[in-house]
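Written below as structure tokens is the structure these notes are about.
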Amino acid sequence: SMDNKNHIFNVSSWPNAIAHMDADAFFVSCEQAANPSLSDKCVVVGKERGIVTALSYSAKSRGIKRGMLISEAKRICPNLVVIESDYERYSMFSIRMFDILRNFSPAVEEYSIDEAFIDLSGLRRLYSADYPAIAKMIQDEIQEKLNISVSVGVAPTKVLAKIASKINKPHGVFAIKANQIQNYIKNIKIEDIWGIGKNTAALLNKLNIYTAEDFVRKDELYLRRFLSKPYIQIYHELRGKSVMRVEPNKKSAYKSISKAKSFHKPTSSKQILFAELTKNLENACTKARMYKLAAKKLIVFLKTSDFQTSSIKLKLQSPSNTPIILMDTLKRAFDMIYSKNLQYRQTGVVLTELGTKSQYKLFEDRARIEKIVHLYKAVDKINKRYGNNKIHLAVDSLAVSKNEHTQRVGIPVVEIEV
């Protein structure tokens, strides 16, 4: 009987605790978080391709599927809201989501834009809570801060955590303890296990292995005759033995916000170019503040009329998203790459290595920085109410096109005593 074979599973209920966080309908959730009026509607993303690439749960319940033509989806659901994909937006939400995870545990592996593994082992005392409760805290925190729903599975291994996160989707939290593994692997088809593809599943079917449970009941030496090492690792993970570690990799370092401006007529004017760069910087910073992100590095580039690019990347003293603080760095970068003998056709800035941390360097004047932060909150409010670029840095005046009736309130802003 099965019972006398139970020793194959780990006996202690939590030898390790690994969580798998999986966002629910992530792209659509980002759109709904940015525009709450969409929250209960049938929403699909993929307008630019004419194909449904992501969909809300209410669209799913109507029978719309991923990969379906948008014209067909509209037939099923006439009041369908169709949105163009905005990967920059999804990326910004993703960075913030992973930063929330890192506040719970330093060991976070970003697996894809909307999925991560988190090693929670040993954190029960810190949170005075058991592992399922910590998983619930993670879910609540992401819901509260970002208005995005996630499902979290907790188990002794990555492969089992991936199974657990699917069990109560959407917005589920589910834990598989080591001494309950066999209850949850009975009905899982071999091809539905993370890491097992079609071909391997077909091979395993030939060996009479159709479910996860069939798999773990086999003898390891027997399986080694047919399977390579990664599949033997999956076998051990399904039995509750953690062999695939959570590998903390900060993928968010690649994510960035860039703003550029091309001119119809190339120019070599130092004044015009720097004014445009300032405007690029302000637009990038506005976007960063919108997602509560700050950059660790600034890239500045100029493109010549014959498409040669000169660029420079500078590390910031501390993460920032406010132009006043970044202006010195921008000026330094510009002076290093500008040449008065060249005609330029494009300016651009990139805020990179974004994160939610705005730690102050110990010796920086904290009060000054906080005044600047407040100032920019006011600027964002005014620009939001009266349209963009009503308030901007003085050097910007040149960059605002002549026909805009923009009040030149730039100068007092720069001269504010901070």
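Treat the numbers as computed from the prediction; the structure is a model and nothing was measured.
In this structure, the side chain of K315 does not engage the main chain of K296 through any donor-acceptor pair within 3.5 Å. A donor-acceptor pair under 3.5 Å links the side-chain atoms of N205 to the main chain of I209, judged by distance alone. Checking side-chain atoms of S165 against main-chain N and O of S151 turns up no donor-acceptor pair under 3.5 Å. For E282 (side chain) and P323 (main-chain N/O), no donor-acceptor pair under 3.5 Å exists by modelled atom type.
A tilted orientation is assigned to the rings of H20 and F117, their planes being inclined by 30° to 60°. Note: Y90 and F27 have parallel aromatic rings, judged against thresholds of 30 and 60 degrees for the angle between ring planes.
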Return a table of donor-acceptor pairs under 3.5 angstrom between the side chains of residues 38-47 and protein atoms on other chains or two or more places apart.
residue: S39; atom: OG; partner: P36; partner atom: O; Å: 3.1
residue: K41; atom: NZ; partner: S37; partner atom: O; Å: 2.8

Which donor-acceptor pairs under 3.5 Å do the side chains of residues 129-138 make with protein atoms, sequence neighbours left out?
residue: D130; atom: OD1; partner: A133; partner atom: N; Å: 3.0
residue: Y131; atom: OH; partner: G122; partner atom: N; Å: 2.8
residue: K136; atom: NZ; partner: Q139; partner atom: OE1; Å: 3.1
residue: K136; atom: NZ; partner: D140; partner atom: OD1; Å: 2.7

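Crowding of K218 atom NZ: a count of heavy atoms from other residues, nucleotides or ligands under 6.0 Å exceeding 12. Under a cut-off of 6.0 angstrom, the local environment of CG in N199 is sparse, with at most 12 non-hydrogen atoms contributed by other residues, nucleotides or ligands. Heavy atoms from other residues, nucleotides or ligands lying under 6.0 Å from NZ of K287 number more than 12.
Between F274 and Y338, the distance from one ring center to the other does not fall under 6.0 angstrom. In this structure, the ring of Y127 has its center less than 6.0 angstrom from the ring center of F104.
Salt-bridge check for E115 with K162: passed, with a basic side-chain N closer than 4.0 Å to an acidic carboxylate O. Looking at D214 and R217, no side-chain N of the basic residue comes within less than 4.0 Å of a carboxylate O on the acidic one, giving no salt bridge.
Under the rule for a ring pair (Phe, Tyr, Trp, His ring centres under 6.0 Å), the partners of F226 that lie at least two apart in sequence or sit in another chain are Y222. For A212, the side-chain contact (heavy atoms from CB on, under 4.5 Å) partners two or more places apart in sequence, or in a different chain, are I185, I188, I193, L238.
Applying the salt bridge (Lys or Arg N to Asp or Glu O under 4.0 Å) test to residues at least two apart or on different chains, the pairs with a partner in residues 318-336 are K270-D335, K331-D335. Within the structure, the salt bridge (Lys or Arg N to Asp or Glu O under 4.0 Å) test picks out the following pairs touching residues 168-177 (sequence neighbours left out): D22-K169, D24-K169.
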